[in-house]
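Here's the structure we're looking at; comments come further down.
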Amino acid sequence: MATETEILSQSWFDRARFIPPDAIFALTAQYLADPSPRKVNLGQGTYRDENGSPWVLPSSTAVIYTGAEPRVSPNCRSGRVSQRGSETGIGGRTFQKERESGMHNPAVSNQGANPEQLATCQSLSGTGALHLAGLLLRACKTPLPKIYIPEPTWSNHHQVFSSLGFQCESFRYYSPETRDLDIDSYYATLKSAEPNSVVIIHACAQNPTGCDPSKEQWRELARLFKERQLFPLFDAAYLGFNSGNVDSDAFAIRLFIEETGLEAGVCLSFAKNMGLYGERVGCFLLATNTEQAAIKTQSMLEMLQRSEVSNPPAYGAKIASTILSSTTLRQAWYDDLITMSNRIRSMRMALYDKLVSTGTPGSWEHLIRQSGMFGFLGLSPSIVLTLREHYHIYMADNSRISIAGLNEDNVEYVGQSIAECLKQC
């Protein structure tokens, strides 16, 4: 029999497992602790300007400081209401109003989608949108559908859906041999997938590889989704941020929903494309086949939201909504997207040029075939470790780099360091 001392020393949570820190956040902590003046952070996927500093988008700044209607009050940050109203409502009225008025949401076009067949709910950025999608699928589908997830992918995809009880199955998305999208594997997976399964799709700028299907390949994928009765769930964290054009980046979403007529879920984040990282602004959009399904799923989304966060945060959502609903601010946002995507593209080319000009072993065309914030270098873990320990260059273990972490002051150093490591090996 346990003594009183033994009982007092026990905890309800003694059987809790220790979970290692998230790899990217742990990498950032290592970078911050490194005293080297030459250190370079290519791990964390946040946009940085040409000086390596966070960039507050002029379009977002204009909402706060120019009195754009509806004005966003800084009082929202302290939990108080804005000058225009009270809480956002359970589903985030700022985004629902967009749906009801013809949809300024960048995921679908104003002409192609029937707003009466859409359900929308504000979320805690893209992660919250994925979680809402999982909760809704779990409530509506019995038995639980299998979730097919590309490999490699963003780590949260597995974490979100496995934590909700779904069986997650990875499929080969990227070929290390060709350093490109393995489209044949993608097709084969869909052809053999169990009907009524869910497939996670990166809408653009696939994380971590930066490899997206072509328009022709997207059309074949949409055909297979319809033929195999599969449910597409888009992770759309980079709309407009990838190419600098929202319509181009939303091509696959609009193809599946508006042209192919598929029901689909879209998990939107405004963290990167509006620079609202700390505000956690996202939206889950569900395109259904009937108005009745949209009404019912809208009510379920609001119930699920109520049970978890009650009302979503107001401040960042009002900034996003004001930009999307104002012709002037929306155009300013488009200009900001071009600024960010062009700088990333120029840094991608600068790194490629440096690797080629220094005679770095291997072929580097894959770096400029890729698009978006991330580059997948294809380096071995030992090279990645050498770059970290001896050159103070920090990247993910699989050699994924954030291109936004490069600038005119460090891109030559990064390219030269990679060349030296590979030549030594």
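All figures in this text were calculated on a predicted structure; none of them were measured in a lab. Sequence positions, counted from 1, serve as the residue numbers for this chain.
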Check: Ser243 side chain, Asn245 main-chain N or O, donor-acceptor pair, under 3.5 Å: yes
Nearest-0.5 Å distance that lies between atom CG in Asn196 and atom CG in Leu230: 8.0 Å
Backbone of Gln159 reached by a side-chain donor or acceptor of Asn156 within 3.5 Å: no
Approximate separation, where rounding is to 0.5 Å, of Leu190 CG and Leu224 CG: 5.5 Å
Modelled atom types, side-chain donor and acceptor of Thr328 and Ser326, under 3.5 Å: no
Closest approach of Leu276 to Gly316 (non-hydrogen atoms, all atoms of both residues): CD1-O, 3.9 Å
Phe256 ring center within less than 6.0 Å of Phe234 ring center: yes
Thr127 side chain near Trp154 side chain, heavy-atom distance below 4.5 Å: yes
Intermediate values then yes/no, side chain to side chain contact (heavy atoms under 4.5 Å, CB included), Thr120 and Leu286: CA-CA 6 Å; Thr120 60; Leu286 179 69; over 6 Å; no
Identified side chain to side chain contact (heavy atoms under 4.5 Å, CB included) partner of Ile403 from the options Arg345, Arg48, Met347: Met347
Within the 6.0 Å centroid threshold, strictly below: Phe171 and Tyr148: no
Side chain to side chain, Leu301 and Met303, heavy atoms closer than 4.5 Å: no
Distance-only donor-acceptor check, side chains His158 and Ser162, under 3.5 Å: no
Residue Gln331 excluded, over 12 heavy atoms near CD under 6.0 Å: yes
Expected output: side-chain Asp249 to main-chain Leu239 donor-acceptor under 3.5 Å: no
Pi-cation contact, Phe376 with Arg400 (under 6.0 Å, within 45°): no
Point-to-point distance, once rounded to the nearest 0.5 Å, from CZ of Phe241 to CD1 of Ile338: 13.5 Å
Test side chain to side chain contact (heavy atoms under 4.5 Å, CB included) applied to Tyr173 and Asp182, step by step: CA-CA 5 Å; Tyr173 180 90; Asp182 191 339; over 6 Å; no
Salt-bridge contact Asp34-Arg388 (side-chain N to carboxylate O under 4.0 Å): no
Atom of Thr153, atom of Pro150 and distance for their closest heavy-atom approach: CB-O, 3.1 Å
Glu302 and Ser299 side chains, donor-acceptor separation under 3.5 Å: no
Intermediate values then yes/no, side chain to side chain contact (heavy atoms under 4.5 Å, CB included), Leu255 and Arg219: CA-CA 7 Å; Leu255 169 69; Arg219 290 190 176 94; 4.0 Å; yes
Side-chain donor-acceptor pair present, Ser363, Glu365, cut-off under 3.5 Å: yes
Donor-acceptor pair, side chain of Tyr413 and main chain of Tyr391, under 3.5 angstrom: yes
SB check Asp49 Arg343 (cutoff 4.0 Å): no
Intermediate values then yes/no, side chain to side chain contact (heavy atoms under 4.5 Å, CB included), Val63 and Lys318: CA-CA 9 Å; Val63 178; Lys318 289 183 182 292; over 6 Å; no
Short side-chain donor-acceptor distance under 3.5 Å, Ser175 and Asp180: no
Donor-acceptor pair, side chain of Asn342 and main chain of Thr339, under 3.5 angstrom: no
Any side-chain heavy-atom pair of Leu124 and Val309 under 4.5 Å: yes
Main-chain N/O of Ile201 paired to Asp235 side chain as donor or acceptor, under 3.5 Å: no
Test: Arg179 cationic atom under 6.0 Å from Trp364 six-membered ring centre, within 45° of axis: yes
Approximate separation, where rounding is to 0.5 Å, of Ile147 CD1 and Leu233 CG: 7.5 Å
Side-chain heavy atoms of Lys146 within contact of Val198, under 4.5 Å: no
Side chain proximity check, Pro232 to Val199, heavy atoms < 4.5 angstrom: no
Donor-acceptor pair between His366 and Thr178 side chains, under 3.5 angstrom: no
Geometric cation-pi criterion Lys39 and Tyr394, 6.0 Å radius, 45° cone: no
Criterion salt bridge (Lys or Arg N to Asp or Glu O under 4.0 Å) on Arg223 and Glu227, from CA distance to verdict: CA-CA 6 Å; Arg223 187 191 70 78; Glu227 178 183 282; 2.8 Å; yes
For the student: nearest non-hydrogen atoms of Asn289 and Glu263, plus distance: N-OE2, 2.8 Å
Side-chain (Gln217) to main-chain (Ser214) donor-acceptor, under 3.5 angstrom: yes
Separation of Leu118 CG from Glu291 CD (nearest 0.5 Å): 10.5 Å
Carboxylate-amine/guanidinium contact Arg172 Glu151, below 4.0 Å: no
Shortest non-hydrogen contact from Leu355 toward Gly415: CD2-O, 3.7 Å
Side-chain donor or acceptor of Ser60 paired with backbone N/O of Val56 under 3.5 Å: no
Minimal non-hydrogen separation, Ala236 against Val266, with atom names: CB-CG1, 4.2 Å
Minimum heavy-atom distance between Cys283 and Ser123, given as atom pair plus value: N-OG, 3.1 Å
Pair Arg330, Tyr334: side-chain N/O donor-acceptor within cut-off below 3.5 Å: yes
Check: Arg306 main-chain N/O paired with Ser310 side-chain donor or acceptor under 3.5 Å: no
Donor-acceptor contact below 3.5 Å, side chain Ser321 vs main chain Ala317: no
pair Pro145-Phe166: side-chain heavy atoms closer than 4.5 Å: yes
Note, Gln292 side chain near Glu116 side chain (heavy atom, < 4.5 Å): no
Full working for side chain to side chain donor-acceptor pair (under 3.5 Å) between Ser382 and Ser380: CA-CA 5 Å; Ser382 62; Ser380 68; 3.0 Å; yes
Validation row: Gln44, Ser402 side chains within 4.5 angstrom (heavy atoms): no
Gap separating the OH atom of Tyr238 from the CG atom of Asp212, nearest 0.5 angstrom: 11.0 Å
